Amino acid sequence: IGATKQMIAVLLGDEPEVFCNPRLIASKGMGSYGESCLSSGVMLLGEVRRPWTGKFEYENLDGVTKTLDADELKTRVILHEIDHLNGISCSDKYEPKT
């Protein structure tokens, strides 16, 4: 149809949020936190280094460009899902021996 879009949907509250073509445009801090992934088919858990907070630019479902200043949890979830869009699973990012 001539439109290239990457989309993620996250559920961190009562309603799912959809982000089209999400990208990180700024971040603060860096640290490790345990992550797992339902996509792996088994329960794996390991430490992944990511920014503590992030600012994201994305389009909503109406094609309007938005920005989001995300807290720690939302930053991790959005970055985790952006990794999936790029063919990366959290197990690819696990810190050794975690």
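Throughout, numbering of the chain's residues begins at 1 and tracks the sequence. In this text the structure is predicted, and so the values were computed from the model without any measurement.
Counting heavy atoms of neighbouring residues, nucleotides and ligands inside a 6.0 Å radius, atom CD of E15 does not exceed 12 of them.
Shortest non-hydrogen contact noted between K55 and T67 is CE-CB, 4.2 Å. Closest heavy-atom contact between L61 and C20: CD2-SG, 4.1 Å. Taking each heavy atom of W52 and M30 in turn, the nearest pair found is NE1-O, 3.3 Å. Here the closest heavy-atom approach between residue V18 and residue M7 is recorded as CG1-CE, 3.7 Å. Closest approach of C37 to H80, counting heavy atoms only: SG-NE2, 3.6 Å.
Scanning for side-chain hydrogen bond (donor to acceptor under 3.5 Å, both in side chains) contacts around D92 gives S89, with sequence neighbours left out. The salt bridge (Lys or Arg N to Asp or Glu O under 4.0 Å) search around E17 returns K74, not counting sequence neighbours. Listed by chain and residue number, V48, R50, D83, I88 satisfy the side-chain contact (heavy atoms from CB on, under 4.5 Å) test with K93 (two or more places apart in sequence, or in another chain). Checked against salt bridge (Lys or Arg N to Asp or Glu O under 4.0 Å), R49 has no partners two or more places apart in sequence or in another chain. Residues passing the side-chain contact (heavy atoms from CB on, under 4.5 Å) test with L11, sequence neighbours excluded: P16.
Panel note: side chain Y94, backbone E35; a donor-acceptor pair is recorded below 3.5 Å. E47 places a side-chain N or O within 3.5 Å of a backbone atom of Y33 that can act as its donor or acceptor partner. A donor-acceptor contact shorter than 3.5 Å links the side chain of N60 to the backbone of D62. A side-chain donor-acceptor contact under 3.5 Å links T75 to the backbone of G54.
Members clustered with I82: I8, V10, L12, F19, L24, F56, Y58, L68, L73, V77, I78, L79, L85, by chain and number, using a 4.5 Å side-chain heavy-atom cutoff among hydrophobic residues.
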